[in-house]
Q: 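Dumping the structure here so I can ask a few things about it.
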There are 4 protein chains.
Amino acid sequence: MPGARNGKRSPPRPEPAPSAEEPEKRRAILHAAVRVFAEKGYHGCRIADVAKQAGVAYGLVYHYFRNKDELLESVFAEQWTIFINAIRAIAEGPGSASEHLASICRFAVDVYKTSPSAVRVLLLEVARTPNVLRAGSTAQTFQTAVALVAGIVRRGQREGDLRGDADPTVAAASLLGALELTLTAAVVGLVEGAREEDAERLKAEVVGFALHGLSVRPRG
Amino acid sequence: MPGARNGKRSPPRPEPAPSAEEPEKRRAILHAAVRVFAEKGYHGCRIADVAKQAGVAYGLVYHYFRNKDELLESVFAEQWTIFINAIRAIAEGPGSASEHLASICRFAVDVYKTSPSAVRVLLLEVARTPNVLRAGSTAQTFQTAVALVAGIVRRGQREGDLRGDADPTVAAASLLGALELTLTAAVVGLVEGAREEDAERLKAEVVGFALHGLSVRPRG
Amino acid sequence: MPGARNGKRSPPRPEPAPSAEEPEKRRAILHAAVRVFAEKGYHGCRIADVAKQAGVAYGLVYHYFRNKDELLESVFAEQWTIFINAIRAIAEGPGSASEHLASICRFAVDVYKTSPSAVRVLLLEVARTPNVLRAGSTAQTFQTAVALVAGIVRRGQREGDLRGDADPTVAAASLLGALELTLTAAVVGLVEGAREEDAERLKAEVVGFALHGLSVRPRG
Amino acid sequence: MPGARNGKRSPPRPEPAPSAEEPEKRRAILHAAVRVFAEKGYHGCRIADVAKQAGVAYGLVYHYFRNKDELLESVFAEQWTIFINAIRAIAEGPGSASEHLASICRFAVDVYKTSPSAVRVLLLEVARTPNVLRAGSTAQTFQTAVALVAGIVRRGQREGDLRGDADPTVAAASLLGALELTLTAAVVGLVEGAREEDAERLKAEVVGFALHGLSVRPRG
DNA sequence: GATGAATGAGGCTTCATTCAT
DNA sequence: CATGAATGAAGCCTCATTCAT
């Protein structure tokens, strides 16, 4: 889950501080959960699988997490935190709003290239989980991401960089959605995206779509 | 799940022919499945819930469907069929590619307004389902939808209506993705979308995003 | 669990009406639960054991009872109902208060002779269960039993049959307690109580204790 | 768990000698076990709870006790030892058998007033424990208590103080049973017993019941 | 002695599926 | 067609016990 390295801008490593406190095995469990979760989805993800994948005993999962929901909530939170930190770092960095949006797209594709499972969790499982989860912190984190992107859009509109007649929130959702389904298509195999050059192409495509749309004619 | 009625174009009713054969209760079960499925997701959707929701006896579900997977596969198929038929009808109708894409967006938003649960199933459940399903006809149907939209894009490119440098498949995925997450945001409440005028605004926003992107500057 | 047949008075069969509604297997489960519960106590009583003992499938227990607590609560309720109905029948029958108390003692010993496990459940598990249960209907039923006996005592006091200076509630608790621990001693083997003549002796002993105490001297 | 201080006779402090050897934390664990055990019963009593209640580390419990059974067996033994020592001291002291029985009742009520949880353990948990325990020293200790009281009764019969036609063992069980359920009723709240004067009343009631029974008429 | 992380068997509960009526 | 009782495998969670530090 490295930062993007794409010749334009390289967002900082946005990993949550691996607090010296955090036990190694807790982290192992969390990582394992990401993989299993990504592969089987929320309900298909069995604690036994996670434990096995993490190489720890069944019971240890419950030493560190109250129950399955809390574990998966943690997975969500962590993944979103990484993504949100990246967005925030990008937003606070130099460059125009357009460039920021482009960087976000590139970052997402880069992360996908490195650890597709993380992206699957990040993008495919949101809002697809039982209400318990949706009611929790996950929903808020999701909204935070949208809000951050919307903030960038708003700034771009103020600075004359982006279309002023677009609703920032809808725009943010649209951009993230385009990103998501494109990556989904890659995950599913509809689109090539694994090789280095494919990834570069994907980035360009999504950025192009988000910034310029499909029409050849200027709006008006 | 009526066609859109939006002053521009009204796609035909794309419901699968309610073959005189189909028993009323089978249909009731299918409808109930859509609702429950949409509300609880694949694994959260219990046969008992569907039966209760449909107002039929437990065992009857197994009279009409071999098992849970087949039931949900049917739900998918039916929903996608409706959507695909609509896309196909639009694609075969008069108008430029741009107009077709716009119509597709409007149709989706209209359907969402009428039966959000159908949209949830349609859009949110695709990638979450166990592999059994993904390997089945569902995946193909999903790909069919993408392919149809990609076809429209391709035609638009030939006719000089749409940007020629865009990958049609990625473009199709992006458009559907933007559509999806915008509606998701509406479902989740991030964006207003329930009232008539909100729906109209959503349509315009998504269409604008898909056709013109966010940038004020023409690409070049 | 027949009525007593002891030459003095024969209380009516106080079984709860075997409502034509009640499924046979539900009853089988309940009976099995009594036995297993009595043998292993609340926590030692595994659902699997009950199911096996009842000769039904594991899951059927959950068809008829929401969960383990509800099952055991039902066991309690049923047992207490039987006992309370007997007490009530005795209390409403002819005879002095002293005779009623004696009948209650005899009834208890008789039931014990017939189905010791029922008595174990009835007497040994009360107030020894997790708070969930104690908070439930069980506690109230227990109090009902005490109250009924206290009522008999009160009447005896009015009619000059029983000591007027005794607190009816404490007296009722004492009587039931003497009954309980005597039967417990029988259950545990401290006291002979299985054979017919042993049972008769037990009855006489307890009745004697409850009515006349141990002292040779009249209280003064 | 002090001796009774009730104006009539004050049994000696029957605590087991706190051998200078016994580590302070071992004692803390034992005391904590009494409380937790009393509150939750055998199976509801988790080692973790005991450790927390005692304010010691999880593993330390296993440093002092081989396993859960041994811990609880120790609790039982200690509690019974206290009670049995008290009975023995009373039995060996001066006074008639009637007075001895009365003293035992008063002692029990006094202990209850001071530490209800100890009484709960003492009285309520005997017959509920898994067979392992019942087979162990606990059962014997319980029988010892009954035997001691029965011995007092026997002496009273020899000395013409108590009814000669009563079975000493049944009488002992009855007396202890009356005591138990009366205190249970107090624990459960059916009867007032917390205040000083309530306790005094309880004592008088139970003693009256045990010695004179409920009947106004002399037996015969 | 003292700590608490680590282990894993055991029990409760759910729910897809079958089947007799 | 329709019903719902019956089945049992599968997964979550607890908690006694061990062990390295």
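The figures that follow rest on heavy atoms only: side chains count, while hydrogens, waters and symmetry mates do not. In what follows, chains are A, B, ... by sequence order, proteins preceding strands, each numbered from 1.
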Q: What is the distance from CG of D:Asp49 to P of F:dC15, rounded to the nearest Å?
A: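 D:Asp49 atom CG is separated from F:dC15 atom P by 8 Å.
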Q: Hey, could you give me the CD/CD distance between A:Gln53 and A:Glu39, rounded to the nearest 0.5 Å?
A: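 The distance works out to 7.5 Å.
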Q: As an exercise, state the distance from NZ of A:Lys40 to CZ of A:Arg46, rounded to the nearest 0.5 Å.
A: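 Answer rounded to 0.5 Å: 4.5 Å.
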Q: Can you find a pair of side-chain heavy atoms, one from B:Val50 and one from B:Phe37, that are under 4.5 Å apart?
A: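 In short, these two side chains do not touch, never coming nearer than 4.5 Å.
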Q: Send over the distance from A:His63 NE2 to F:dA20 C1', rounded to a whole Å.
A: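 After rounding, the reported distance stands at 14 Å.
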Q: I'd like the P distance from F:dT21 over to E:dG1, given in whole Å.
A: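 Going atom to atom, P in each nucleotide, I get 22 Å.
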Q: Distance from D:Ile47 atom CD1 to D:Lys52 atom NZ, nearest 0.5 Å?
A: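 So the gap between those two atoms works out to 13.0 Å.
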Q: For A:Ile47 and E:dA9, give me the distance from atom CD1 to atom P, rounded to whole Å.
A: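 For the pair A:Ile47 CD1 and E:dA9 P, the rounded distance is 17 Å.
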Q: Classify the nucleic acid contact of C:Tyr64 as base, sugar-phosphate or nothing, counting any heavy atom under 4.0 Å across all strands shown.
A: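 Sugar-phosphate, backbone atoms only, no base.
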Q: Between the main-chain N or O of D:Cys45 and the side-chain N or O of D:Lys68, is there a donor-acceptor pair closer than 3.5 Å?
A: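 Indeed, once roles are kept as given, a pair shorter than 3.5 Å links the two residues.
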Q: Is A:Arg26 close to A:Ile29 at the side-chain level, that is, under 4.5 Å between some pair of heavy atoms?
A: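 No - every pair of side-chain heavy atoms lies 4.5 Å or more apart.
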Q: Nearest 0.5 Å, please: how far is OH in A:Tyr64 from CG in A:Leu71?
A: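 Nearest 0.5 Å value for the CG-OH distance: 13.5 Å.
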Q: Kindly state which residues belonging to residues 50-61 of chain A come within less than 4.0 angstrom of DNA chain E, counting heavy atoms of the residue only, listed by number.
A: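 Within this stretch, A:Val56, A:Ala57, A:Gly59, A:Leu60 sit under 4.0 Å of the strand.
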Q: Grab the NZ-P distance between A:Lys68 and E:dT13 for me, whole Å please.
A: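 About 18 Å, once rounded to whole Å.
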Q: Among the candidates E:dT7, F:dC13, E:dG1, find the nucleotide nearest to the side-chain atoms of D:Pro23.
A: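 The answer is E:dG1, which lies nearest to the side chain.
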Q: Between P on E:dT14 and CZ on B:Arg46, what's the gap in Å once rounded to a whole number?
A: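 Nearest whole value for this atom pair: 9 Å.
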Q: Could you please name the partner base of E:dT21, counting Watson-Crick and G-U wobble pairs only when both distances are under 3.5 Å?
A: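 F:dA2 is the nucleotide pairing with E:dT21.
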Q: Roughly, in whole Å, what's the span from CZ in B:Phe65 to C1' in E:dT18?
A: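 Computing the B:Phe65:CZ to E:dT18:C1' distance gives 18 Å.
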Q: What integer distance in Å separates B:Asn67:CG from F:dA9:P?
A: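 Distance, rounded to whole Å: 19 Å.
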Q: Closer to the 5' end of DNA chain E via nearest nucleotide, is it B:Tyr62 or D:Lys25?
A: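 Upstream on the strand: D:Lys25.
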Q: Between atom CG in D:Asp69 and atom P in F:dA16, what is the gap in whole Å?
A: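 Rounding to the nearest Å, CG of D:Asp69 and P of F:dA16 are 10 Å apart.
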